[in-house]
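The next block holds one structure in the form of structure tokens; read it before the comments.
Since this is a predicted model, take the numbers as computed values, not measurements.
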Amino acid sequence: MIAGGFGTGKTTMVRSVSDIKPLTTEETLTQASADVDHLIGVADKTQTTVSLDFGKIGLNESLTLYLFGTPGQERFWFLWNGLFKGALGAVVLVDTRRLASSFRAIEEMERQDVPFVVALNVFPDSKDYPVEEIRDALDISPHTPVVACDARDRASSRDVLVALIRHLKERSAVALESR
């Protein structure tokens, strides 16, 4: 899963990293959503995901990841429930200019016990914060990886997915050791 708040770059990440032309469900923002989709910090946003995005990437000859990008607006969060079933892990994409927009995604990952990494999507006007400051502001475990990325860049997005896979492997190894 690729989750996060409204306008954090989820669709952009799926598009940049997918080996196939991704399925997207973007629709044009209209005046009717003006009171619901607050564009603070994303004033140039003209489209939004209304269901999910789907793509896939082959990491090697035997490992393919299926990517499901979630919608970010609260009125579509009910769609996340189906995506949690069978998810091995998730990327929570964060815009450091609007940290609060990612709180719900992090809460849901923790509530559903879905392992995740936090990917700080670097926007041109984003401040560079120390990772520990971000970790404290998001109130996440010291074991949750935090990585910087540019969701527009294929290599950067791929590196986020590799960080997620490493995190999943480490969690599996710890779980096996504790048996």
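With sequence neighbours left out, Asp136 forms a salt bridge (Lys or Arg N to Asp or Glu O under 4.0 Å) with no residue at all. Asp125 pairs by the salt bridge (Lys or Arg N to Asp or Glu O under 4.0 Å) definition with Arg97, not counting sequence neighbours. Contacts of Ser16 classified as side-chain hydrogen bond (donor to acceptor under 3.5 Å, both in side chains), with partners at least two apart in sequence or in another chain: Ser157. Taking Leu168 as the reference, Leu88, Pro115, Leu164 meet the side chain to side chain contact (heavy atoms under 4.5 Å, CB included) condition, with sequence neighbours excluded. The ring pair (Phe, Tyr, Trp, His ring centres under 6.0 Å) check on Phe116 picks up nothing, with sequence neighbours excluded. With sequence neighbours left out, Glu133 forms a salt bridge (Lys or Arg N to Asp or Glu O under 4.0 Å) with no residue at all.
Put simply, the side chain of Phe68 does not reach to within 4.5 Å of the side chain of Ile2, judged on heavy atoms. Val92 is not listed as a side-chain neighbour of Val117, based on a closest heavy-atom distance of 4.5 Å or more. Side chains of Leu93 and Ser102 form no contact here, defined as non-hydrogen atoms less than 4.5 Å apart. No side-chain heavy atom of Lys10 sits less than 4.5 Å from a side-chain heavy atom of Val91. Residues Val118 and Val94 have side chains in contact (heavy-atom distance under 4.5 Å, counting atoms from C-beta outward). Contact of the Thr96 side chain with the Ser126 side chain is registered, since non-hydrogen atoms from C-beta on lie closer than 4.5 Å. At least one side-chain heavy atom of Leu161 sits less than 4.5 Å from a side-chain heavy atom of Val17.
In the hydrophobic clustering of ILVMFWY residues, with side-chain heavy atoms under 4.5 Å counting as a link, Phe123 and Met13 come out apart. Both Ile140 and Tyr129 belong to a common hydrophobic cluster when Ile, Leu, Val, Met, Phe, Trp and Tyr are linked at side-chain heavy-atom distances under 4.5 angstrom. Under the 4.5 Å side-chain heavy-atom criterion for ILVMFWY residues, a single connected hydrophobic cluster contains both Leu138 and Met1. In the hydrophobic clustering of ILVMFWY residues, with side-chain heavy atoms under 4.5 Å counting as a link, Val131 and Phe103 come out together.
A donor-acceptor pair is defined here as one N or O able to donate and one able to accept, closer than 3.5 Å; such a pair exists between the side chain of Thr8 and the backbone of Gly5. Using a distance-only test at 3.5 Å, with no hydrogens or angles considered, no donor-acceptor pair links the side chain of Arg15 to the main chain of Gly55.
The pair Arg111-Glu108 meets the salt-bridge criterion, since a charged nitrogen lies less than 4.0 angstrom from a carboxylate oxygen.
The side-chain hydrogen bond (donor to acceptor under 3.5 Å, both in side chains) pairs that include a residue from residues 58-69 are Asn60-Ser62, where partners are two or more places apart or lie in different chains. Residue pairs that meet the salt bridge (Lys or Arg N to Asp or Glu O under 4.0 Å) test with at least one member in residues 154-167, sequence neighbours left out, are Asp19-Arg154.
Between Thr70 and Gly4, the shortest heavy-atom distance links the atoms OG1-N, 4.0 Å.
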Would you be so kind as to tabulate the donor-acceptor pairs closer than 3.5 Å made by side chains of residues 144-152, with sequence neighbours excluded?
residue: Asp150; atom: OD1; partner: Arg152; partner atom: N; Å: 3.0
residue: Asp150; atom: OD1; partner: Arg152; partner atom: NE; Å: 2.9
residue: Asp150; atom: OD2; partner: Arg152; partner atom: NH2; Å: 2.8

### Task
Using the side chain to side chain contact (heavy atoms under 4.5 Å, CB included) rule, take Val14 and Phe54 through it: C-alpha gap first, then chi angles, then the decisive distance, then the call.
CA-CA 7 Å; Val14 171; Phe54 172 78; over 6 Å; no
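A donor-acceptor contact closer than 3.5 angstrom links the side chains of Asp53 and Thr11.
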